[in-house]
Amino acid sequence: MNLFGHFQQIVRAEIAGLSHSGKLPLGLDLTRIVVEPSREAAHGDLATNAAMVLAKSAAMPPRAIAQLLVERLAGNRDIQSTEIAGPGFINIRLKVAFWPKLLSSALALGQRYGSSTLGAGEKVNVEYVSANPTGPLHVGHCRGAVFGDALAELLAVAGFSVTREYYVNDAGAQVDVLARSAYLRYREALGEDIGEIPSGLYPGDYLKPVGQALAYDHDKALLDMPEAAWLPIVRDRALAMMMDLIREDLAALNIRQEVFISEKSLHETGEVERTVEDLRSRGLIYEGRLPPPKGEPPEDWEDREQTLFRATQFGDDIDRPLIKSDGSYTYFASDIAYSRHKIMRDFKELVYVLGADHSGYVKRLEAIGAANAGNRDVKVIVRLCQLVKLYRGGEPVRMSKRAGEFVTLRDVVDEVGADVVRFMMLYRKNEAPLDFDFKKVTEQSKENPVFYVQYAHARISSVFRNAGAAAEAVENADFSRLGDDAELQVIRRIGEYPRVIEAAAVAHEPHRIAFYLYDLASDFHALWNKGKESPQLRFILGSDMQTSLARLALLRVIRYVLANGLGILGVKPVEEM
RNA sequence: GACCCCGUAGCUCAGUUGGAUAGAGCAACAGCCUUCUAAGCUGUGGGUCGGGGGUUCGAAUCCCUCCGGGGUCGCCA
């Protein structure tokens, strides 16, 4: 139950009632009416903008509409009082008896509290990481990986049917480079001194195991072959091993995508060709010339007739080439095929998570989605993740540009742990740059949000350990015994959770969950601290079993919400620290 | 030259998709404290929301424009 949505429906129903009884005009547009949490406790629990939104179309002063609405709302069994404020806000205060109902329902739902049916099972495809399979993931992939994974989980909790997907770029020239690099390591594994890795090839040590595997499987057989013969063999082996490496890196971050789509397979199965033919038959492909790019003077610009896709017809800045000068398809061509492939699998929403350096791809991805969708209702949503800057104790971590010296995703995870990486990557809006300080993120102090949230969960767990068997009866707790300001504050916060989930899902912004958890933890810690000064506010009272039970039940609900929210972020809640 | 993102307290950032007197955490200042789990608590001060114009009952939020920072811009992937 989303209590704000619930009261929004009530407000809309009352407006409709007023229309039918002739006090307001018929046919008012109710869609802009919202019921929100009050920003200040002094304003009550809920506020609605209904009167102001309707003023114009009803041709009445907002406060007059508010007056009509307030009279109708007075009859609601959950509403204690209402007041008209400012330009026409209606502040609503709920009866004290309402909150126990909310807590009981949350307690009964347990870990499912907050889940929503908003998505109505709609099929959503979330594609993220999709790094080239030419080596281990580096730290730059970290943020997109975590963001995509959390977004997918968020959408799932919000009732969408989510598929987590990885697009394997195994068809371009870079995998041939991979193969040649691996071939060198193969010769090395057979005892040859290969010297320095030539520039243009991948120098990383991570290819040594590939060379050894090839040597084990083929002994010296590949040495006598011409490149055309060994290259496919080496390439396939190297690709498979690189993808295993990448999957291990992702697993270290607790990311396990269920679908991997190979670009090469899109070519081999004729998907690319079919897509191009399809577009051609719809008149979306033509032969033409592109203007040279502005800015950097083009060095090897060759003005030639190309096979172009009419991307501009779908909002892109320029039409895009489909066929390279050597006659093979461009990467963009397989991109279109991949988009079509997703749509054919009946996804209604295609989410792409990209690094900020790919911002130039947003329009063309939207364009190909629109072109492939035709008259189907398919949304394309691209989310960009800004860069992460690494620090250690305030000092920037230098990454030498010399080949092979980069910080890998694995380095970061091994040093600070997956939970810390995940939380910190999500404790910032995705399009804002992020500073990641190895030292600060592992500090056990209030200034560290990961710790702060985890600590709340651990503290609650600790209370339950202390409560022992007494906690077993929380199901029968009488929540009406709770009434302190600090308790009501945290209860109201709990009431917001379902709304936060839905809003975050609609906006595709998992960071809102992280900030919410911080606020909830903050409310909880405040409650805890209050018990230090006022012993009667402690959770376990030897003298008052019923109140203790109510408080333990409240703690249990808080813990459910913390665990649920951390689950969306992919962070494990801890029992003790 | 074009497009995208960012600009909010001294610092790092939120801001419920257009709502009321713009909020947190650091830092600063003033008190308190030794614990149901130690990694402390409470309070105070701090703002031309980059500048200007517009849209309307109402703008940090939407539109235009300018300034500043970052990114991207043909056949690579």
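Here is the naming used below: chain letters follow the sequence lines, and residue numbers restart at 1 for every chain.
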Contacts of F332(A) and A356(A) projected onto RNA chain B by closest heavy atom; the upstream (5') one is A356(A)
Any K446(A) side-chain N or O less than 4.0 Å from OP1/OP2 of C26(B) | yes
Mind checking the P distance from U8(B) to C13(B)? Whole angstroms is fine.
-> 9 Å
Strand contacts (RNA chain B) in residues 306-314 of chain A, 4.0 angstrom heavy-atom criterion | none
Distance, P atom - from G10(B) to G47(B), rounded to whole angstrom | 7 Å
Among all residues two or more places apart in sequence or in another chain, which pass the side-chain contact (heavy atoms from CB on, under 4.5 Å) test with E447(A)?
-> S445(A)
Looking only at side-chain N and O atoms, does K56(A) come under 4.0 Å of OP1 or OP2 in C57(B)?
-> yes
Which heavy atom in H141(A) sits nearest to a heavy atom in A131(A), and how many Å separate them?
-> NE2-CB, 3.4 Å
Considering residues at least two apart in sequence or located in another chain, which fulfil the ring pair (Phe, Tyr, Trp, His ring centres under 6.0 Å) criterion with F314(A)?
-> none
Distance test, side-chain N/O of S462(A) to OP1/OP2 of U37(B), below 4.0 Å = yes
Is there a donor N/O on one and an acceptor N/O on the other, under 3.5 Å, for the side chain of Y452(A) and the base of A39(B)?
-> no
Where is the tightest heavy-atom contact between E305(A) and R289(A), given as atom of each residue plus distance?
-> N-NH1, 3.9 Å
Looking only at atom P, what distance separates A60(B) and U48(B), rounded to whole Å?
-> 14 Å
Of the candidate nucleotides U72(B), A77(B), A39(B), which contains the atom at the shortest distance from the side chain of Y361(A)?
-> A77(B)
Just call it for R551(A): base, sugar-phosphate, or nothing, with non-hydrogen atoms closer than 4.0 Å on any strand.
-> nothing
Say you pick atom C1' in A28(B) and the same atom in G68(B); how far apart are they, in whole Å?
-> 29 Å
Quick note, salt bridge (Lys or Arg N to Asp or Glu O under 4.0 Å) partners involving residues 46-68 of chain A, not counting sequence neighbours, are none
Letter by letter from the 5' end, nucleotides 14-24 of chain B scores (B base, S sugar-phosphate only, - none; protein heavy atoms under 4.0 Å) SSBB-BB---S
Name all residues meeting the side-chain contact (heavy atoms from CB on, under 4.5 Å) criterion together with E127(A); count only those two or more places apart in sequence or in a different chain, and write none if there are none.
-> N125(A), S130(A), Y167(A), Y338(A), K342(A), Y352(A)
Considering residues at least two apart in sequence or located in another chain, which fulfil the side-chain contact (heavy atoms from CB on, under 4.5 Å) criterion with V168(A)?
-> P133(A), Y166(A), D170(A), M243(A), F260(A)
Which nucleotide, C3(B), U42(B), C36(B), lies nearest any side-chain atom of A526(A)?
-> U42(B)
Kindly say whether, by distance alone, the side chain of Y329(A) makes a donor-acceptor pair under 3.5 Å with the base of C76(B)?
-> no
Should U34(B) be called syn or anti, with syn set as within 90° of 0?
-> anti
Can you name the side-chain hydrogen bond (donor to acceptor under 3.5 Å, both in side chains) partners of D317(A), sequence neighbours left out?
-> K363(A)
With sugar-phosphate meaning primed atoms plus P, OP1 and OP2, does K532(A) contact a base, only sugar-phosphate, or nothing at under 4.0 Å between heavy atoms?
-> base
Taking Watson-Crick and G-U wobble contacts under 3.5 angstrom, with | marking pairs to another strand and [ ] crossing pairs, the secondary structure of RNA chain B is written (((((((..((((.....[...)))).(((((.......))))).....(((((..]....))))))))))))....
U61(B) and G53(B), which share atom name P, separated by this distance in whole Å | 13 Å
Residues forming a side-chain contact (heavy atoms from CB on, under 4.5 Å) with Q489(A), sequence neighbours excluded = R493(A), D523(A)
Report all interatomic pairs (protein N or O, nucleotide N or O of nucleotides 27-33 of chain B) with separations under 3.5 Å.
none

State which residues pass ring pair (Phe, Tyr, Trp, His ring centres under 6.0 Å) with H511(A); sequence neighbours excluded, sorted by chain then number.
-> F515(A)
